[in-house]
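Step one of this worksheet: look at the structure below.
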Amino acid sequence: MSPAPKDAQKPYVAYQGVAGAYSEAAAAKACPNFDTIPCDQFETAFESVENRIADLAILPIENSLGGSIHRNYDLLLRHNLHIIGEVLLPVHHCLMALPGVRLESVRRVISHPQALAQCEQTLTKLGLNAACEAFDDTAGAAEQISLYNLQDTAAIASARAAKIYKLEILANGIQDDSRNFTRFVVLSRDPVDPRADRPLKTSVVFALENGTSALFKALSAFAARKINLSKIESRPHKSCPIRLVETVKRFEYVFFAEFEASMAEVRTEEAMAELQEYSSFFRVLGCYPMDIASESASIEG
């Protein structure tokens, strides 16, 4: 990451990737009055906020087809930033190559692993005799083709990336399912008091005192108070990955949970107090407004 000197009057938002990335589009939607700072790695975006190079960061956390982006769940735990918002971005993939390259001459398709997985069936239907190779990000794959004049290679990226890197679109809308959304979270050094004029969501992370055997009790803290638990994700407990119980070695986990309620509600305060009774570790990642995307929405880049 090599941003230009920061203008003290202009706020900045960091994202992973290069110009034309879906993360850049999410940053524009979430922070329309911010300048953007592209970062080569997810962790660089976290660090840019911690080091006050950027005011905010926006990171993908899950995709409706590809599932969770585990790297960013791990980074949420490693870094002390707060989730202050979310963005649901409809994803519209295109297959692109250098001008004049024909579909039948493509021998390699490069893109982010999630994008390759989201287009696998369509690529097969197109009859491509091409190997798929993972790249750091979608727009970066398009940039690579343009930069090195790769005549036998196509990229999966947004239409905006094709325009930026002067590539031709060989096939449009190649995602296997049109209901393809990526959810991004907006990160800040400080938490915010979310407005009450929109539905609110809270994200927490916890580890259980008695391992996964206490998970039922932990979840009952939400159920008993009619709190809608919208997501729960387990990740290895890196501070204590294995625990010996009598003669059995058991893997240990931390649990990321999201629920549709505000931390200011009495029922949430009661649920969190009960949850902490069973937890060896507990942290609120953020309380923030929900973003609701229309099924009919689409993005060209």
Side-chain angles (χ1 to χ4, degrees), residues 1-2 14-28 36-45 58-60 62-72 89-182 184 298-301:
M1 179 180 63
S2 301
Y15 69 93
Q16 187 275 329
V18 298
Y22 293 107
S23 291
E24 184 193 39
T36 55
I37 298 177
C39 301
D40 57 351
Q41 301 293 331
F42 289 131
E43 188 155 21
T44 312
I58 188 160
L59 280 302
E62 65 176 329
N63 178 266
S64 57
L65 303 181
S68 297
I69 300 170
H70 294 132
R71 175 62 176 161
N72 284 336
L89 190 76
V91 176
H92 185 95
H93 288 311
C94 301
L95 185 70
M96 59 196 68
L98 289 169
V101 172
R102 298 171 62 86
L103 191 63
E104 54 267 26
S105 66
V106 172
R107 294 293 174 262
R108 186 171 64 135
V109 177
I110 59 175
S111 192
H112 188 276
Q114 287 258 357
L116 292 172
Q118 292 161 19
C119 302
E120 183 179 6
Q121 296 176 31
T122 305
L123 290 176
T124 300
K125 291 177 183 177
L126 288 173
L128 285 178
N129 182 24
C132 292
E133 295 182 15
F135 206 80
D136 288 343
D137 64 272
T138 55
E143 181 186 45
Q144 185 86 352
I145 290 174
S146 179
L147 188 62
Y148 293 101
N149 194 34
L150 302 178
Q151 296 287 333
D152 64 344
T153 303
I156 296 173
S158 68
R160 172 168 155 77
K163 183 177 181 180
I164 290 172
Y165 302 110
K166 298 179 172 56
L167 302 181
E168 287 185 354
I169 294 176
L170 303 177
N172 208 334
I174 64 169
Q175 59 273 6
D176 295 335
D177 193 317
S178 61
R179 296 165 297 182
N180 186 6
F181 286 80
T182 296
F184 297 78
S298 65
I299 186 166
E300 296 295 327

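Note that these values count all heavy atoms, side chains included, but never hydrogens, waters or copies made by symmetry.
- Checked by atom type and distance alone, the side chain of Asn172 never pairs as donor or acceptor with a backbone atom of Cys94 at under 3.5 Å.
- Ala45 and Leu59 make their closest contact through CB-CD2, 4.2 Å (heavy atoms, listed as atom of the first residue, atom of the second, distance).
- The main-chain N or O of Ala139 is never found under 3.5 Å from a side-chain atom of Glu143 such that the two would form a donor-acceptor pair.
- Leu126 approaches Ala171 most closely through the heavy-atom pair CD1-CB, 4.2 Å.
- By the neighbour-count criterion of 12 heavy atoms within 6.0 Å, atom CD of Gln151 is densely surrounded, having more than that number from other residues, nucleotides or ligands.
- At a threshold of 4.5 Å between non-hydrogen side-chain atoms, the residues Tyr165 and Leu98 do not count as touching.
- Looking only at side-chain heavy atoms (C-beta outward), Ile110 and Leu116 stay at 4.5 Å or farther from each other.
- Among all heavy-atom pairs drawn from His92 and Gly173, the shortest one is NE2-N, 3.5 Å.
- Looking at Ser158 and Thr138, their side chains never come closer than 4.5 Å, going by heavy atoms from C-beta outward.
- Gln175 meets the side chain to side chain donor-acceptor pair (under 3.5 Å) test with no other residue; sequence neighbours excluded.
- The salt bridge (charged side-chain N to carboxylate O under 4.0 Å, His left out) pairs that include a residue from residues 102-123 are Arg102-Glu104, Arg108-Glu133, where partners are two or more places apart or lie in different chains.
- Side chain of Ser111 to main chain of Ile156: a donor-acceptor pair is present (N/O by atom type, distance under 3.5 Å, no hydrogens or angles).
- Between Gln144 and Leu150, some side-chain heavy-atom pair lies under the 4.5 Å cut-off.
- Residues satisfying the side chain to side chain donor-acceptor pair (under 3.5 Å) criterion with Gln118, sequence neighbours excluded, are Asn63, His93, Gln114, Asn180.
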Q.
Between Val109 and Thr153, does the side-chain contact (heavy atoms from CB on, under 4.5 Å) criterion hold? Intermediate values first, please.
A. CA-CA 6 Å; Val109 177; Thr153 303; over 6 Å; no
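- Within the 3.5 Å criterion, the main-chain N or O of Pro60 finds no donor-acceptor partner in the side chain of Thr182.
- Counting heavy atoms from C-beta on, the side chains of Glu24 and Arg160 come closer than 4.5 Å.
- At distances below 3.5 Å, at least one donor-acceptor pair connects side-chain atoms of Asp176 with backbone N or O atoms of Gln121.
- The closest side-chain heavy-atom distance from Phe181 to Val91 is not below 4.5 Å.
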